[in-house]
Q: 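Structure below; questions to follow.
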Number of protein chains: 2
Amino acid sequence: MGANAPRRAKIPESAIRRLSFYHRHLRDLQALGVATISSREIARVYGLEPFQVRKDLSYFGSFGRRGRGYAVSRLRQRLGLILGLDSEWRMALVGAGNIGMAIFRYQEYRRLGFRIAAVFDADPDKVGRELEHGITVEPMERIGPAVGEQDIRIGIVAVPPEAAQNAVDALTAAGITAILSFPGGQVLVPKDVALRRVSLEADLAALSYFLANK
Amino acid sequence: MGANAPRRAKIPESAIRRLSFYHRHLRDLQALGVATISSREIARVYGLEPFQVRKDLSYFGSFGRRGRGYAVSRLRQRLGLILGLDSEWRMALVGAGNIGMAIFRYQEYRRLGFRIAAVFDADPDKVGRELEHGITVEPMERIGPAVGEQDIRIGIVAVPPEAAQNAVDALTAAGITAILSFPGGQVLVPKDVALRRVSLEADLAALSYFLANK
DNA sequence: CCGTGTGAAACGCTTCACAGCA
DNA sequence: TGCTGTGAAGCGTTTCACACGG
């Protein structure tokens, strides 16, 4: 492959998140036929500084040309490889309630290469229900077998807070090591498992604090 | 009103988010009738360290008793005041699609004191639709007047990415200074406005990076 | 002269160690 | 003795300034 092997250094998580923004923007630019872009232009779109963009990229190599900028398609491809967005990730959705169904229908992330391959719920009334894309809601006991059969690598937890730990345990027992969880509150996982929490409550509380103290 | 006025220092955003977790946990403890708790116990629930909890609290004052711990009800009340969770915040939801409706129905945050007081959508087919809690979907032009009439202070944006900037502009024009936004991509706001992005795409990309590089 | 790439400085958050008080 | 509260150390991220190459 290229001259720049990924560096094994310590990469800030925040840098990874920004790289995913750059990746998205580059995809749009490529669709528009833009060939070249500078760190300044990328930065402006997201309200960042140019050196932030360059530093983020520098963790993984040198992708630009001095005096010129970056070749859009090449950089997009490189970021895709770095982020693992070059191939499709299959996901299990646990919870077919409000939030779960909204996520299921919200297929934006599909363009990024994430696909919900199976849906599970503990409620017998929901099990057996047929969703779009040929997916049927399965019972919790099916998580273990389904993960293996369908090469599922990521779990999404969209159950009520009380059921969160149980859902996470079922996923980790099935060998899942990457989980996105919606319910707030306490969930503990083995430490080789990456758990990312989306906490609406914390976000709202941060806005509340801002309003109350400005 | 006590002896400890809030300090005007620089408080880490991450500390604020953790305080919202403590607040939630204290509410549960209070419901269970627990009178006193130590930083160690709070920490254990969230997989944190005791000094982290004490440091977070210390930004705002001294709420415990040495050798004893914290009085649950007193601490909960104090955190509520600090975070602005002692009174209700009224919110405007922009976007009555998948995500918007899921948020509308997901009323967990209501217990925290956040209430969706009005819902707006640009789609004429959706305008006029009657939702629960006596709310009717209103057209975008109503954002300005409604914000004033109903004392709305927070905006939630749940529209497609292309429409995000427009929705945010409508909210800021109406005087909203705290916004929670779901669509990924570039949205710019005046700098006195707090914009918090919930980016599923970035979260998934971080998980993808983790899987691709472990 | 332009824009990238990067070592080093600045900064901010986390962690620590212990003084202080019940 | 027990647990809080906090100054200071440690550490990781952001910011800067400039060398480098087209």
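A, B, ... follow the sequence lines: proteins, then strands. Residue 1 opens every chain.
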Q: May I have the distance from A:Leu75 (atom CG) to C:dG5 (atom P), rounded to whole angstrom?
A: 9 Å
Q: Can you tell me if the side-chain N/O atoms of B:Ser39 get under 4.0 Å from OP1 or OP2 in D:dT4?
A: yes
Q: Stepwise, does the side-chain contact (heavy atoms from CB on, under 4.5 Å) test hold for A:Thr36 with A:Val72?
A: CA-CA 5 Å; A:Thr36 301; A:Val72 170; 5.6 Å; no
Q: Donor-acceptor pair under 3.5 Å: do we get one between A:Arg65's side chain and the base of D:dG22?
A: no
Q: So does A:Phe104 get a backbone contact from the side chain of A:Gln107, meaning a donor-acceptor N/O pair under 3.5 Å?
A: yes
Q: Hey, does the side-chain of A:Arg68 have a donor or acceptor N/O within less than 3.5 Å of a partner on the base of C:dG3?
A: no
Q: B:Ser208 vs A:Phe114, test: side-chain contact (heavy atoms from CB on, under 4.5 Å). Steps then yes/no.
A: CA-CA 9 Å; B:Ser208 169; A:Phe114 296 92; 3.8 Å; yes
Q: Without decimals, in angstroms, what is the distance between B:Arg44 CZ and D:dC3 C1'?
A: 15 Å
Q: Using the ring of each side chain (for Trp, its six-membered ring), is B:Phe21 parallel, tilted or perpendicular to B:Tyr46, with breaks at 30° and 60°?
A: parallel
Q: Rounded to the Å, how far apart are B:Arg66 CZ and D:dC3 P?
A: 14 Å
Q: How many Å lie between CZ on A:Arg54 and C1' on C:dG7, as a whole number?
A: 14 Å
Q: Look only at the side chain of A:Asp121 and the backbone of A:Ala96, and say whether a donor-acceptor pair between them is shorter than 3.5 Å.
A: yes
Q: Atom CZ of A:Phe63 to atom P of C:dT6: distance rounded to whole Å?
A: 10 Å
Q: What is the per-nucleotide protein-contact pattern of nucleotides 8-16 of chain D, from the 5' end, where B denotes a base atom under 4.0 Å from a protein heavy atom, S denotes such proximity for sugar-phosphate atoms only, and - denotes neither?
A: B----SBBB
Q: Nearest whole Å is fine: how far is C:dC2 C1' from A:Tyr70 OH?
A: 13 Å
Q: How about CZ on B:Arg110, more than 12 heavy atoms from neighbouring residues, nucleotides or ligands closer than 6.0 Å, or not?
A: yes
